[in-house]
Engineer: 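I have a structure I would like to understand better, so I am pasting it below and will then ask my questions one at a time.
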Amino acid sequence: MITTTNRILGAATMVLALPGPGRVAAQVRPTVNHVALYVYDLQKSTDFYQNVLGLRQIPEPFKDGRHVWFRMGPHSQLHLIQGAARVEEHAKDTHLAFRVKNLRKFMARLDQSATRYSSWTGEEKQLTARPDGVKQVYLQDPDNFWIEVNDDRF
């Protein structure tokens, strides 16, 4: 015979077995896998991301001469895809952001490679300090995509 107490205990057991809001969110919360940029000159873009930013090229499955992939972090990639009709202007507000341990050393690397960079307001070879203390510089790749490089310690 099922008693009221057994029904209550059974219902409580079912509730405890269901994943809570935090566990459900963690199971379905997306993380960055890759960013894809459609570029005009694949070789110029490849050289920039490899030689200026220092990203490591990784194998790509297409092997069609139109794709180059880079590792951006432990679990994220940058995919360059040849095919843009032209190089266009892009708003600085839309940008990729990378972090480095030592922003001054990175700025010296940019100086050494004669790569232009500036503060948020466009002051050449200057950095911007955000209200939270993170310092940052901005540069553009060969397709005029904006890139922020900062010293965030997250």
Side-chain angles (χ1 to χ4, degrees), residues 15-154:
V15 169
L16 291 173
L18 293 173
R23 283 186 273 171
V24 170
Q27 292 171 5
V28 297
R29 184 179 301 125
T31 59
V32 174
N33 175 265
H34 72 271
V35 172
L37 298 178
Y38 204 45
V39 300
Y40 180 71
D41 185 324
L42 185 61
Q43 189 59 56
K44 274 187 182 178
S45 294
T46 298
D47 290 345
F48 174 85
Y49 284 98
Q50 191 165 353
N51 300 326
V52 175
L53 289 188
L55 298 185
R56 183 174 54 88
Q57 192 171 339
I58 59 174
E60 54 85 9
F62 298 100
K63 302 185 185 351
D64 60 4
R66 294 187 57 240
H67 298 82
V68 173
W69 288 11
F70 290 97
R71 174 73 55 208
M72 285 197 304
H75 305 288
S76 58
Q77 303 167 3
L78 173 65
H79 297 177
L80 301 179
I81 306 166
Q82 172 80 42
R86 64 189 157 281
V87 174
E88 299 186 23
E89 291 301 314
H90 300 282
K92 192 183 279 188
D93 289 309
T94 302
H95 59 268
L96 292 172
F98 295 92
R99 77 175 192 82
V100 293
K101 289 182 181 179
N102 187 317
L103 187 58
R104 292 286 181 189
K105 282 185 179 179
F106 184 78
M107 292 166 68
R109 177 184 177 141
L110 295 176
D111 289 336
Q112 193 171 36
S113 68
T115 301
R116 294 178 63 183
Y117 63 94
S118 65
S119 66
W120 174 256
T121 57
E123 298 164 285
E124 291 285 321
K125 297 188 178 201
Q126 299 297 311
L127 54 80
T128 299
R130 293 188 330 207
D132 61 0
V134 171
K135 295 173 186 64
Q136 55 196 185
V137 295
Y138 290 85
L139 56 146
Q140 288 181 285
D141 77 359
D143 284 85
N144 290 329
F145 289 111
W146 283 98
I147 298 164
E148 170 190 333
V149 179
N150 66 49
D151 66 356
D152 195 352
R153 297 199 180 3
F154 66 88

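All heavy atoms count here, side chains included; hydrogens, waters and symmetry mates do not.
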Engineer: Side chains of Leu53 and Phe48: closer than 4.5 Å at any heavy-atom pair?
Structural biologist: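 The answer is yes, as the side chains (C-beta and beyond) meet within the 4.5 Å cut-off.
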
Engineer: For the residue pair Asp111 / Tyr117, report whether a side-chain donor-acceptor contact shorter than 3.5 Å exists.
Structural biologist: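 Side-chain D/A pair, Tyr117 to Asp111: present.
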
Engineer: Drop me the distance from Leu55's CG to Arg71's CZ, to the nearest 0.5 angstrom.
Structural biologist: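 So the gap between those two atoms works out to 11.0 Å.
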
Engineer: State, with a plain yes or no, whether a side-chain heavy atom of Leu96 is found less than 4.5 Å away from one of Phe145.
Structural biologist: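 Contact flag for Leu96/Phe145 side chains = no.
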
Engineer: Tell me whether the rings of His79 and His34 are parallel (<30°), tilted (30 to 60°) or perpendicular (>60°).
Structural biologist: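 Judged by the thresholds at 30° and 60°, the geometry between His79 and His34 is parallel.
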
Engineer: Closest approach of Phe70 and Val68, non-hydrogen atoms and distance?
Structural biologist: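 Heavy atoms of Phe70 and Val68 come nearest at CE1-CG1, 3.6 Å.
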
Engineer: Within a reach of under 6.0 Å around OH of Tyr40, are more than 12 heavy atoms found that belong to other residues, nucleotides or ligands?
Structural biologist: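 Incorrect, the count does not exceed 12.
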
Engineer: Run the side-chain contact (heavy atoms from CB on, under 4.5 Å) test on Leu80 and Leu78 for me, step by step, so that the C-alpha distance in whole Å, both residues' side-chain angles and the decisive distance to 0.1 Å come before the verdict.
Structural biologist: CA-CA 7 Å; Leu80 301 179; Leu78 173 65; 4.1 Å; yes

Engineer: Mind checking whether Gln77 and Ile58 have side chains closer than 4.5 Å, heavy atoms only?
Structural biologist: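 Yes, close enough: below the 4.5 Å cut-off.
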
Engineer: To the nearest 0.5 Å, how far apart are CG in Leu103 and NZ in Lys105?
Structural biologist: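 Separation between the atoms: 12.5 Å.
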
Engineer: Considering non-hydrogen atoms only, spot the tightest contact between Leu42 and Gly65 and give its length.
Structural biologist: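 Taking every non-hydrogen atom into account, CD2-O, 3.3 Å.
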
Engineer: For residues 82-93, which residue pairs qualify under side-chain hydrogen bond (donor to acceptor under 3.5 Å, both in side chains), counting only residues two or more places apart or in two chains?
Structural biologist: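 Pairs touching residues 82-93 that pass the test: Glu89-Asn144.
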
Engineer: Please report the interatomic distance CD1(Ile81) to CH2(Trp69), rounded to the nearest 0.5 Å.
Structural biologist: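 Nearest 0.5 Å value for the CD1-CH2 distance: 9.0 Å.
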
Engineer: Is the closest side-chain heavy-atom distance between Asp151 and Phe106 below 4.5 Å?
Structural biologist: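 Side-chain contact under 4.5 Å: no.
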
Engineer: Can you list every pair that meets side-chain hydrogen bond (donor to acceptor under 3.5 Å, both in side chains) and has a residue in residues 49-62, with sequence neighbours left out?
Structural biologist: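 Every side-chain hydrogen bond (donor to acceptor under 3.5 Å, both in side chains) pair that includes a residue of residues 49-62, provided the two are not neighbours, is Tyr49-Asp141.
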
Engineer: If we only count heavy atoms from C-beta on, is the Val39 to Pro142 side-chain gap below 4.5 Å?
Structural biologist: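 No, too far: nothing below the 4.5 Å cut-off.
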
Engineer: Looking at CG of Leu127 and CG of Asn150, how far apart are the two atoms once the value is rounded to the nearest 0.5 Å?
Structural biologist: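 Rounded to the nearest 0.5 Å, the CG-CG separation comes to 11.0 Å.
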
Engineer: Output the distance between atom CZ (Arg130) and atom CD (Glu148), rounded to the nearest 0.5 Å.
Structural biologist: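 Going from CZ on Arg130 over to CD on Glu148, the span is 6.0 Å.
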
Engineer: Using a cut-off of 6.0 Å, state whether more than 12 heavy atoms not belonging to Arg104 lie near its atom CZ.
Structural biologist: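 Not more than 12 within 6.0 Å, no.
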
Engineer: Is the NZ atom of Lys101 crowded by more than 12 outside heavy atoms at less than 6.0 Å?
Structural biologist: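 Atom NZ in Lys101 is not packed in, count stays at 12 or less.
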
Engineer: For residues Asp143 and Leu37, determine if any side-chain heavy atom of one lies less than 4.5 Å from a side-chain heavy atom of the other.
Structural biologist: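 Of all side-chain heavy-atom pairs linking Leu37 with Asp143, none is under 4.5 Å.
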
Engineer: Would you compute the distance between atom OG1 of Thr115 and atom NZ of Lys125 and round it to the nearest 0.5 angstrom?
Structural biologist: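 These two atoms lie 10.0 Å from each other.
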
Engineer: Does Glu124 have any salt bridge (charged side-chain N to carboxylate O under 4.0 Å, His left out) partners at least two apart in sequence or in another chain, and if so, which?
Structural biologist: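 So Glu124 forms a salt bridge (charged side-chain N to carboxylate O under 4.0 Å, His left out) with Arg116.
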
